[in-house]
Amino acid sequence: MKILHELSWLWETLGIALVAAAVCTACAALICKAAKKKLSKKVLAIIGAAAFVGAILAVILIARTPMPL
C-alpha cells in the first residue's frame, strides 16, 4: 500500500497530461471543422502525442520551481 501512496504523483501527472492532450486534440479538431478542412486521424494522433509530452514536461518544470513563502 505504501508504494501506491509513493507513486500517487505519477498518476496525477499522467492524468493531467491526458486531460491536456484531450483538450488540445479537441481544440485542433474544432479549429479544422470551423475552417472546413479535413483532419486525418494520423494528424490528430500526432497532435495528441505532442500535447501529452508537452504537458508532462510542463508539469515537471512547474514541480521543480520552488514555491514562494
Side-chain angles (χ1 to χ4, degrees):
M1 190 68 171
K2 186 176 180 181
I3 193 148
L4 289 176
H5 178 66
E6 290 180 8
L7 291 177
S8 67
W9 62 270
L10 176 66
W11 298 115
E12 285 182 29
T13 303
L14 288 174
I16 291 168
L18 282 173
V19 169
V23 168
C24 288
T25 305
C27 287
L30 288 173
I31 289 169
C32 286
K33 186 176 181 180
K36 298 184 186 203
K37 293 188 176 188
K38 285 224 171 200
L39 194 61
S40 69
K41 290 182 182 180
K42 185 177 180 181
V43 173
L44 280 175
I46 291 170
I47 291 170
F52 182 78
V53 171
I56 287 178
L57 291 175
V59 168
I60 289 170
L61 287 174
I62 291 170
R64 291 183 65 190
T65 305
M67 292 180 63
L69 294 176

Taken in chain and number order and not counting sequence neighbours, the residues that satisfy side-chain contact (heavy atoms from CB on, under 4.5 Å) with A20 are A55

Run through the side-chain heavy atoms of Ile, Leu, Val, Met, Phe, Trp and Tyr, join any pair under 4.5 Å, and report what else lands in L44's cluster. L39, V43, I47

Taking atom CD1 of I16 and atom CH2 of W11, what is their separation to the nearest 0.5 Å? 14.0 Å

CD1 of I46 to OG1 of T25, rounded to nearest 0.5 Å, is 11.5 Å

Contacts of V23 meeting side-chain contact (heavy atoms from CB on, under 4.5 Å) (sequence neighbours excluded), chain-then-number -> V19, C27

Kindly compute the distance separating CG (L10) from CD1 (I56), expressed to the nearest 0.5 Å. 8.5 Å

Roughly how far apart are L18 CG and T13 OG1, rounded to 0.5 Å? 11.0 Å

Can you give me the closest heavy-atom contact between C24 and A51, atom names plus distance? CB-CB, 3.7 Å

Under 4.5 Å side-chain heavy-atom separation, chaining through any Ile, Leu, Val, Met, Phe, Trp or Tyr, what else clusters with L61? Say none if it is isolated. none

Under the side-chain contact (heavy atoms from CB on, under 4.5 Å) test, residues paired with K37 that sit two or more places apart: A35

